[in-house]
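Right, I'll just put the structure down here and ask away after.
Since we're looking at a predicted model, the values are computed, not measured. Letters go in sequence order (proteins before strands), and every chain restarts at 1. What's counted below: heavy atoms across the whole structure, side chains too, no hydrogens, waters or symmetry copies.
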There are 2 protein chains.
Amino acid sequence: MLTISQVSEKTGLTPYTIRYYEKIGVLHEPKRSNGGARVYKESEVSYIQCLNKLKKLGLSLEEITEFTREGCVMDKIQQGENPSNYNPTLKKRIEILEKHLMELESRRQEIEYMISLAEEKLTLYQELTKEDIVNT
Amino acid sequence: MLTISQVSEKTGLTPYTIRYYEKIGVLHEPKRSNGGARVYKESEVSYIQCLNKLKKLGLSLEEITEFTREGCVMDKIQQGENPSNYNPTLKKRIEILEKHLMELESRRQEIEYMISLAEEKLTLYQELTKEDIVNT
DNA sequence: TTACAAGTTAGAGTCAACTGGAAGTCAAGA
DNA sequence: TCTTGACTTCCAGTTGACTCTAACTTGTAA
């Protein structure tokens, strides 16, 4: 069980930010100690680390919330609950997941393109200035 | 030659945003018509489209400015100017380019990771609910 | 029991990145 | 000439994502 500052240290988010994420619903409310302090499970840490990655990819907190919320049903299924309980919404959830997958794929393609541009530039620089660089 | 609203239409940025980018230095000042209206070349459009891609990848406008500015020397070299004119700064520029390349690579790896997570989820959903979906 | 570190809430402040309004200019067609 | 529409500048307002302050509480060690 971890305090907010331990989670802060492990994830790189400040306690301010962690409380803010809770407030806007990106993180759900954790258990509390008798004194009222937030107490986190290890799983919260990996959740936040995953969240950080999505943030780095340029997703907004709203998109991240949508993306990670899809895990809720998954968690329940993995915990042994009957998937047919969720049947009415499952199809929609799969559609959302597929949308995200396509979105990620297209971002990956854009990254590949940017990498190829940057590599091209780099090679040209290096070839054009090989001697200059050796001399500096 | 294009007006600001034509550029807006082609790039998906509003005229407000285009002027804002000019103001903060992300875009350089375009030529003006006799009446003082901004006039853009086609190349500006592809520049902005490239800029949009970098923005989608989560780079800040400051990072984008830094990234794209590296093209300036390249452009001059390609236009036939002697690269040794730029010699003192070339090494540093290559270092910056390499830094960006590594940054892009690491973002790509994170995306691959997120894609694999999403794919995993999707497969599980579909397997667990194959019949339910057929019946809806 | 007191001092202090680390937590709490509510709410204000900050910063990047737009977004919009006001008031004015300019060119082309009726 | 007048109107219309698209532009101009200047500047204030908004949104998303934090970040901090103030005032207070709790737990622990001296």
Closest to the side chain of B:Ser5, out of D:dC7, D:dT8, D:dA17, is D:dC7
Where the side chain of A:Thr17 meets the backbone of A:Leu13, is there a donor-acceptor pair that is under 3.5 Å apart?
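Absent.
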Other residues, nucleotides and ligands only: do more than 12 of their heavy atoms fall within 6.0 Å of CD on A:Glu9?
no
Would a distance-only check, ignoring hydrogens and angles, find a side-chain to backbone donor-acceptor pair under 3.5 Å from A:Glu63 to A:Ser60?
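Checked: pair present.
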Whole-Å distance between C:dA6 P and A:Gln6 CD?
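Checked: the CD to P distance equals 11 Å.
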Does atom CD of B:Glu62 have more than 12 heavy-atom neighbours from other groups under 6.0 Å away?
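No - once you tally the heavy atoms of other residues, nucleotides and ligands closer than 6.0 Å, there are 12 at most.
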Sub-3.5 Å pairs of nitrogen or oxygen atoms, protein against nucleotides 27-29 of chain D:
{"residue": "D:dG27", "atom": "OP1", "partner": "A:Gly35", "partner atom": "N", "Å": "3.3"}

Determine whether A:Tyr21 and A:Leu51 make a side-chain contact, defined as any pair of heavy atoms from C-beta on separated by less than 4.5 Å.
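Yes - at least one pair of side-chain heavy atoms lies under 4.5 Å apart.
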Do A:Glu22 and A:His28 come within less than 4.5 Å of each other through their side chains, counting heavy atoms only?
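SC-SC contact between A:Glu22 and A:His28 ruled out.
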Residues forming a side chain to side chain contact (heavy atoms under 4.5 Å, CB included) with B:Tyr20, sequence neighbours excluded:
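So B:Tyr20 forms a side chain to side chain contact (heavy atoms under 4.5 Å, CB included) with B:Ile24, B:Leu61.
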Can a salt bridge be assigned to the pair A:Glu44 and A:Arg38 using a cut-off of 4.0 Å between side-chain N and carboxylate O?
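Answer for the salt bridge query: no.
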Report the C-alpha distance between B:Ile48 and B:Asn52 in whole Å, list the side-chain angles of each, state the deciding distance to 0.1 Å, and finish with yes or no for side-chain contact (heavy atoms from CB on, under 4.5 Å).
CA-CA 6 Å; B:Ile48 292 172; B:Asn52 272 339; 4.1 Å; yes
Please determine, for the side chain of B:Lys55, which listed nucleotide (D:dC7, C:dC18, D:dT9) has the closest atom?
C:dC18
5'-most contact on DNA chain D: A:Glu62 or B:Ile4, nearest heavy atom basis?
B:Ile4
Within residues 38-49 of chain A, which residues have any heavy atom lying less than 4.0 Å from an atom of DNA chain C?
A:Arg38
Other ILVMFWY residues reachable from B:Val39 by side-chain steps of under 4.5 Å
B:Met1
Less than 4.0 angstrom between a side-chain N/O of A:Thr3 and OP1 or OP2 of C:dA6, yes or no?
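No, A:Thr3 has no side-chain N/O under 4.0 Å of OP1/OP2 on C:dA6.
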Separation of D:dA6 C1' from B:Leu2 CG (nearest whole Å)
15 Å
Candidate list A:Leu27, A:Thr14, A:Ile4, test side-chain contact (heavy atoms from CB on, under 4.5 Å), partner A:Arg19, passing option:
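Exactly one candidate clears the test, A:Ile4.
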The side chain of A:Leu61 is closest to which nucleotide in this list: C:dT9, D:dA17, D:dT8?
D:dA17
Angle separating the five-pair end axes of the helix from C:dT1-D:dA30 to C:dA30-D:dT1, nearest 10°, is 10°
Closest non-hydrogen atom pair, B:Lys41 against B:Leu2:
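Of all heavy-atom pairs spanning B:Lys41 and B:Leu2, the closest is O-CD1, 4.4 Å.
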Taking DNA chain C as the partner, which of residues 8-25 of chain A come within under 4.0 angstrom of it by heavy atom?
A:Arg19
Distance check needed: D:dA17 P versus A:Leu51 CG, whole Å only.
11 Å
Sort out for me which residue in B:Thr11, B:Thr3, B:Ile18, B:Val45 forms a side-chain contact (heavy atoms from CB on, under 4.5 Å) with B:Tyr40.
B:Ile18
